[in-house]
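In what follows, a single structure is set out as structure tokens and then discussed.
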Amino acid sequence: MTLSRRDLLTLAAAVPAFSGLARARLPQASRSSLPYQPAPDDEAAWERIKNEFVIDGLHLNTGTLGACPLPVMDATFQHMRAFERIIGQEGIDMVAFKTELETFIGAWPGSVAILRNTTEAMNNAAAGLDLKAGDEVLSTTHEHIGGRCCWELLAKRRGIVYKTFAPPLDPESDAELVAAWQAAVTPRTKVLSISHVLFSTGMIQPVAELVRWARGRGIVTVIDGAHPPGMLVNNLQALDADFYATSAHKWLLAPQGTGLLIVRPDRIATTWPLIGSGDWAAADIRRFEDVGTSNGSLVVGLRAAVQFQNAIGREAIEARARSLATRLHDALSTIPRVRIYSPKRAAFRSAMVSFRMEGTTGEKLQGYLGAARIRTRRIAEFDYDYLRLSTHMYVLPRDLDRTVELLRRAP
Ligand SMILES: Cc1ncc(COP(=O)(O)O)c(C=O)c1O
């Protein structure tokens with residue numbers, strides 16, 4: 001008999017001795033060896049942190065997938081090994097872990113469902129609302145397929161209307177962005193589908209203000225938050241969105257196939273679950289989380305990822321990643337052929353910088369840097385043809401300087 005993750009949790013909860021045993025065996029991310037809250041320019045500390053990764057070459061594409069640090073890989077592998085030894089007898093103290101996770105992202109107690117990724121979490125929100133033909137969902141012309149296709153599916157199948165507008169890419173103020181959203185709303189708008197950080201340019205949107213305004217008009221907010229957790233310090237309760245979808249395998253550096261859906265508590269019981277599982281009728285967050293048997297080792301890896309970031313300090317990680325992006329932005333802007341599409345104002349810039357280069361294409365640039373073992377993301381969507389560079393904690397200033405020098409000489 002194979003026990004599902006739910007069975008294990010039930011077992012761990014029902015048999016304290018079992019749960020204690022399992023807890024004792026689970027590996028913890030090592031806190032002592034990591035520098036705590038290093039300053040953004042403490043290069044010795046960031047070099048030490050970089051040594052926690054096994055990255056070959058230079059990884060400037062965290063926006064697609066982050067690199068797992070060693071403690072995360074170790075925790076995942078060790079759990080998988082222990083699990084396979086005596087099938088089903090390696091429980092996870094989910095109550096404790098959920099509390100750690102909720103604290104990490106500032107979510108309401110009992111509001112976080114662990115899923116596979118942002119795409120799945122966005123689909124849960126979209127399919128879970130009772131939208132009718134003619135109801136409008138408003139979003140921008142800069143949405144990733146992972147935040148867009150759930151609405152396109154509903155448009156085709158149920159006749160909802162998915163509308164997009166072009167947001168200002170270099171806003172002077174939050175008010176400018178909020179006004180652009182407000183101008184695109186119509187009396188039929190039922191949902192704002194907002195990317196917290198645009199995948200295309202890294203621009204940060206004023207989610208809290210938009211949510212407040214939308215709620216006052218009875219409009220539901222669904223946030224594609226694929227990027228912020230692990231990159232920006234956020235408090236989801238303060239943002240107060242109805243739904244927040246994210247991928248832990250990006251900036252949070254958890255194993256591939258880990259994501260979260262955070263549902264505002266008053267929405268949980270009234271939102272349809274996507275999957276009819278044994279818990280579909282539960283009035284709590286389990287209605288979204290139970291998808292049958294799934295891989296508990298990934299959850300252990302996710303916990304290790306949260307512990308890894310807490311051990312370094314979330315504020316320090318954000319400050320480092322964003323200061324690297326500013327360094328990159330400033331250096332790129334000295335190359336005459338480069339046109340940057342990420343915001344000029346640092347407050348709107350996250351840890352991704354996107355640009356085009358005159359006389360070449362995104363595809364060629366990606367190949368050129370790829371030949372130097374530098375991994376990047378080409379934003380080919382909507383013909384934008386940007387090259388996007390992500391600056392997470394395992395990138396060093398000298399790596400960026402080398403990349404910029406290569407770009408300066410790009411054919
Ligand atoms: C803004 C945004 N939304 C959604 C996704 C989809 O993420 P996933 O494939 O983890 O579901 C991405 C991936 O890059 C993204 O950048």
| query | Between R402 and I374, is a side chain to side chain contact (heavy atoms under 4.5 Å, CB included) present by the stated rule, with each step listed? | reply | CA-CA 10 Å; R402 182 166 70 91; I374 300 175; 4.2 Å; yes

| Evaluation steps, side chain to side chain contact (heavy atoms under 4.5 Å, CB included), between Y341 and V353 | CA-CA 8 Å; Y341 287 84; V353 181; over 6 Å; no

| said: Assess the residue pair D279 and R287 against the criterion (salt bridge (charged side-chain N to carboxylate O under 4.0 Å, His left out)); give the C-alpha distance rounded to whole Å, side-chain angles, the decisive distance to 0.1 Å, and a yes or no. | reply: CA-CA 5 Å; D279 276 334; R287 63 200 268 117; over 6 Å; no

| Would D130 and W272 count as a side chain to side chain contact (heavy atoms under 4.5 Å, CB included) if you check the C-alpha gap in whole Å, the side-chain angles of each, and the deciding distance to 0.1 Å? | CA-CA 8 Å; D130 277 323; W272 292 104; 3.1 Å; yes

| task | Starting from the C-alpha separation in whole Å, work towards a yes-or-no answer on salt bridge (charged side-chain N to carboxylate O under 4.0 Å, His left out) for R356 and D385. | result | CA-CA 7 Å; R356 276 193 214 142; D385 202 31; 5.6 Å; no

| query | Can you check side chain to side chain contact (heavy atoms under 4.5 Å, CB included) on T376 and N61, steps first, answer last? | reply | CA-CA 5 Å; T376 61; N61 191 16; 5.6 Å; no

| Would H392 and W251 count as a side-chain hydrogen bond (donor to acceptor under 3.5 Å, both in side chains) if you check the C-alpha gap in whole Å, the side-chain angles of each, and the deciding distance to 0.1 Å? | CA-CA 7 Å; H392 209 0; W251 298 83; over 6 Å; no

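With respect to K190 and E136, no salt bridge is recorded, no charged nitrogen being found less than 4.0 Å from a carboxylate O. By the 4.0 Å N-to-carboxylate-O rule, D135 lies too far from R188 to be salt-bridged with it. Ion pairing between a basic and an acidic side chain is recognised when a charged N comes within 4.0 Å of a carboxylate O; R148 and D224 show no such pairing. By the 4.0 Å N-to-carboxylate-O rule, R212 lies too far from D240 to be salt-bridged with it.
The closest side-chain donor-acceptor pair between T118 and S247 falls under 3.5 angstrom. Checked by atom type, the side-chain pair D330/S333 shows no donor-acceptor distance below 3.5 Å. For the 3.5 Å distance criterion, the side chains of S139 and W151 fail to qualify, holding no donor opposite an acceptor. There is a side-chain donor-acceptor pair under 3.5 Å between E143 and S195.
With S354 contributing its side chain and S200 its backbone, the two residues share a donor-acceptor pair below 3.5 Å. In this structure, N234 contributes its side chain and L236 its backbone to no donor-acceptor pair below 3.5 Å. The backbone N or O of S33 sits less than 3.5 Å from a side-chain atom of R48, completing a donor-acceptor pair. In this structure, N123 contributes its side chain and T119 its backbone to a donor-acceptor pair below 3.5 Å. R322 places a side-chain N or O within donor-acceptor distance of the main-chain N or O of A347, the cut-off being under 3.5 Å. Using modelled atom types, one side-chain atom of D242 and one backbone atom of T221 make a donor-acceptor pair closer than 3.5 Å. Listed for the S350 side chain is no donor-acceptor partner under 3.5 Å among the backbone atoms of I204. A donor-acceptor distance shorter than 3.5 angstrom exists from the side chain of D399 to the backbone of L396, with no hydrogens or angles considered. A donor-acceptor pair under 3.5 Å is formed between the side chain of K250 and the backbone N or O of T64. Panel note: side chain S342, backbone G202; no donor-acceptor pair is recorded below 3.5 Å.
Nearest heavy atom pair, residue L253 against residue V72, reads O-CG1, 3.8 Å. Looking at every heavy atom in both residues, F97 comes nearest to L302 through CZ-CG, 3.6 Å. In plain terms, the two heavy atoms of A311 and L34 that are nearest each other are CB-CD1, 3.8 Å. G106 and N235 get closest at one heavy-atom pair: O-OD1, 3.2 Å. The shortest heavy-atom contact between W213 and I219 is CZ3-CD1, 4.5 Å. When all heavy atoms of R116 and H249 are compared, the pair lying nearest together is O-CE1, 3.6 Å.
In this structure, F308 and F53 have perpendicular ring planes: the angle between them is above 60°, well past the 30° mark. Between Y384 and F382, the ring-plane angle classifies as tilted under the 30° and 60° cut-offs.
Rounded to the nearest 0.5 Å, atoms NE2 (H196) and CE (M203) are 11.0 Å apart. Rounding to the nearest 0.5 Å gives a distance of 13.0 Å between CZ of R377 and OG1 of T62. How far CG of L131 is from OH of Y162: 13.0 Å, rounded to the nearest 0.5 Å. The CD1 atom of I55 sits 10.5 Å away from atom CG of N51, with the distance rounded to the nearest 0.5 Å. We find the CZ-NE2 distance between F165 and H142 to be 10.0 Å, quoted to the nearest 0.5 Å.
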Would you tabulate the side-chain donor-acceptor contacts of residues 40-47 under 3.5 Å, counting partners in other chains and residues two or more places apart, or write 'none'?
residue: D42; atom: OD1; partner: A45; partner atom: N; Å: 3.2
residue: E43; atom: OE1; partner: R320; partner atom: NH1; Å: 3.4
residue: E43; atom: OE1; partner: R320; partner atom: NH2; Å: 3.0
residue: E43; atom: OE2; partner: R320; partner atom: NH1; Å: 2.9
residue: W46; atom: NE1; partner: A39; partner atom: O; Å: 2.9
residue: E47; atom: OE2; partner: R398; partner atom: NH1; Å: 2.6

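Taking the side chain as every heavy atom from C-beta outward, N124 and L115 approach each other to under 4.5 Å. Using a 4.5 Å heavy-atom threshold, the side chains of V211 and L239 count as separate. Put simply, the side chain of I285 does not reach to within 4.5 Å of the side chain of P265, judged on heavy atoms. In this structure, R378 and E363 have side chains that are in contact, with non-hydrogen atoms separated by less than 4.5 Å. Contact check for R267 versus F243: side-chain heavy atoms found under the 4.5 Å cut-off. By the 4.5 Å heavy-atom criterion applied to side chains, V299 and I114 are counted as neighbours. Contact annotation: the side chain of I105 never approaches that of Y244 to less than 4.5 Å [non-hydrogen atoms, C-beta and beyond]. Taking 4.5 Å as the limit, some side-chain heavy atom of F348 sits within range of a side-chain heavy atom of P171.
Identified under the ring pair (Phe, Tyr, Trp, His ring centres under 6.0 Å) test for residues 56-77, with sequence neighbours left out: H59-Y394.
Under a cutoff of 6.0 Å and an axis angle of 45°, R314 and F104 form a cation-pi pair.
Within a 6.0 Å radius of CZ in R81, no more than 12 heavy atoms belonging to other residues, nucleotides or ligands are found. Counting non-hydrogen atoms of other residues, nucleotides and ligands closer than 6.0 Å to CZ of R217 gives a total above 12. Residue K364 places its NZ atom among 12 or fewer non-hydrogen atoms of other residues, nucleotides or ligands, all under 6.0 Å distant. Counting non-hydrogen atoms of other residues, nucleotides and ligands closer than 6.0 Å to CD of Q37 gives a total above 12.
In terms of the salt bridge (Lys or Arg N to Asp or Glu O under 4.0 Å) criterion, R349 has no residue partners (sequence neighbours excluded).
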